[in-house]
J.: 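Take this structure first; my questions come after.
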Amino acid sequence: MSNVMKGWLLSIWYFLDPIYYSFTRLTYVQDQSNQNHIFRVRVTKYKGREVVLSDGTVIKKNDTLLKIHLHNARLLKDLQHVTCEVKRGRHIFQSVLTAMPALATFIEEHPEREQLKAVIGITTLHRGCKRLGFETYDIKSKLYHLFKKVTFCLIYVLSANTFSKESLQKHQPKYLFMSTNDLCRRYRTD
């Protein structure tokens, strides 16, 4: 896909993103200066299989979790002119790392703090997740895995410098989890 075509598609996505945001129950995670970070979140009921995290937190069906979404349109726009895959990976890692203290504060101040067992996300970018404190788990439902793979395919096509089926196969969607207690312990700023 040409850079002109990618730029055009990114512009459309960036234009449509506020409409998508208004129809979802997502909320921006902000820091003390009201700066929006790359996380958008919403409270959700977990519908997957039981998971036991390394700190002993057990997540069962219908537990209350905070679902995190990366602001992909913003990330893709930021990375539009970065061609080195290593630099792109570092930028994403640093953006997430920088946003984690604001996420911890958001959780600690949330009215449902006591019910929020963990944060959950789905990503194909799971190489640096362990360094951030996340644990990854496979998506067991074949139908849901396929659905997420298709949705992430567009992001991959828009972000990749060169497209290959091998690289696409390498980027499989996975669940990310971190207990809220562990997240706040790691990233609390007080």
J.: To the nearest 0.5 Å, what is the distance between CD1 on I92 and NZ on K87?
T.: 14.5 Å

J.: Decide yes or no on salt bridge (charged side-chain N to carboxylate O under 4.0 Å, His left out) for E108 and R188, but give the supporting numbers first.
T.: CA-CA 9 Å; E108 288 183 332; R188 186 178 300 130; 2.5 Å; yes

J.: Going by side chain to side chain contact (heavy atoms under 4.5 Å, CB included), T44 matches just one of L65, L66, T64. Which one?
T.: L65

J.: Provide the closest heavy-atom pair for L53 versus A118 in the form atom of the first, atom of the second, distance.
T.: CD1-CB, 4.4 Å

J.: Treating Ile, Leu, Val, Met, Phe, Trp and Tyr as nodes and any side-chain heavy-atom pair under 4.5 angstrom as an edge, say whether L116 and V58 lie in one connected cluster.
T.: no

J.: For a quick test of reading the model, state the closest non-hydrogen atom pair linking C129 to T123 and the distance between them.
T.: SG-CG2, 4.5 Å

J.: Could you please spell out the steps behind the side-chain contact (heavy atoms from CB on, under 4.5 Å) verdict for F93 and L132?
T.: CA-CA 8 Å; F93 180 87; L132 293 165; 3.6 Å; yes

J.: Identify which one of Q172, K140, K174 satisfies the side chain to side chain donor-acceptor pair (under 3.5 Å) criterion when paired with H145.
T.: Q172

J.: Between the main-chain N or O of Q94 and the side-chain N or O of T98, is there a donor-acceptor pair closer than 3.5 Å?
T.: yes

J.: Return the minimal non-hydrogen interatomic distance between F134 and M178, and the atom names on each side.
T.: N-CE, 3.6 Å

J.: For D182, which residues count as a salt bridge (charged side-chain N to carboxylate O under 4.0 Å, His left out) partner, sequence neighbours excluded?
T.: R185, R186

J.: Say whether, by atom type as modelled, one donor and one acceptor occur between the side chain of T124 and the main chain of P173 under 3.5 angstrom.
T.: no

J.: Show, in sequence, the C-alpha distance, side-chain angles and deciding distance for R40 and I68, and conclude whether the side-chain contact (heavy atoms from CB on, under 4.5 Å) test is met.
T.: CA-CA 6 Å; R40 300 189 289 187; I68 56 176; over 6 Å; no

J.: Same cluster or not: are L97 and L183 linked, directly or through other Ile, Leu, Val, Met, Phe, Trp or Tyr residues, by side-chain heavy atoms under 4.5 angstrom apart?
T.: yes

J.: Centroid separation under 6.0 Å, is that true for the rings of F177 and Y137?
T.: yes

J.: Answer yes or no: does atom NZ of K142 have more than 12 heavy-atom neighbours from other residues, nucleotides or ligands under 6.0 Å?
T.: no

J.: Identify whether V52 and Y46 are in the same connected component of the hydrophobic contact network (ILVMFWY, side-chain heavy atoms under 4.5 Å).
T.: no

J.: Could you check whether any side-chain N or O of E135 sits under 3.5 Å from a backbone N or O of S54, counting only pairs where one atom can act as donor and the other as acceptor?
T.: yes

J.: Are T57 and D55 close enough, and set up right, to give a side chain to side chain donor-acceptor pair (under 3.5 Å), and what steps lead you there?
T.: CA-CA 6 Å; T57 302; D55 69 353; 2.8 Å; yes

J.: With a cut-off of 6.0 Å (strictly less than), are more than 12 heavy atoms of other residues, nucleotides or ligands near CD of E114?
T.: no

J.: Is there a side-chain contact (heavy atoms from CB on, under 4.5 Å) between R42 and H69 once you walk through the steps?
T.: CA-CA 9 Å; R42 70 178 170 88; H69 295 253; 4.3 Å; yes

J.: Go through the steps for Y187 and L103 under the test side-chain contact (heavy atoms from CB on, under 4.5 Å), then give the verdict.
T.: CA-CA 8 Å; Y187 294 105; L103 182 61; over 6 Å; no

J.: Locate the shortest heavy-atom distance separating R113 from T180; write the atom from each residue and the value.
T.: NH1-OG1, 3.1 Å

J.: Between N181 and K117, do the side chains contain an N or O donor and an N or O acceptor separated by less than 3.5 Å?
T.: no

J.: Can you check whether Y28 and F106 have ring centres sitting under 6.0 Å from each other?
T.: no

J.: To the nearest 0.5 Å, how far apart are CE in M100 and SG in C184?
T.: 9.5 Å

J.: Atom CG in D63, atom NZ in K47: separation rounded to 0.5 Å?
T.: 10.0 Å

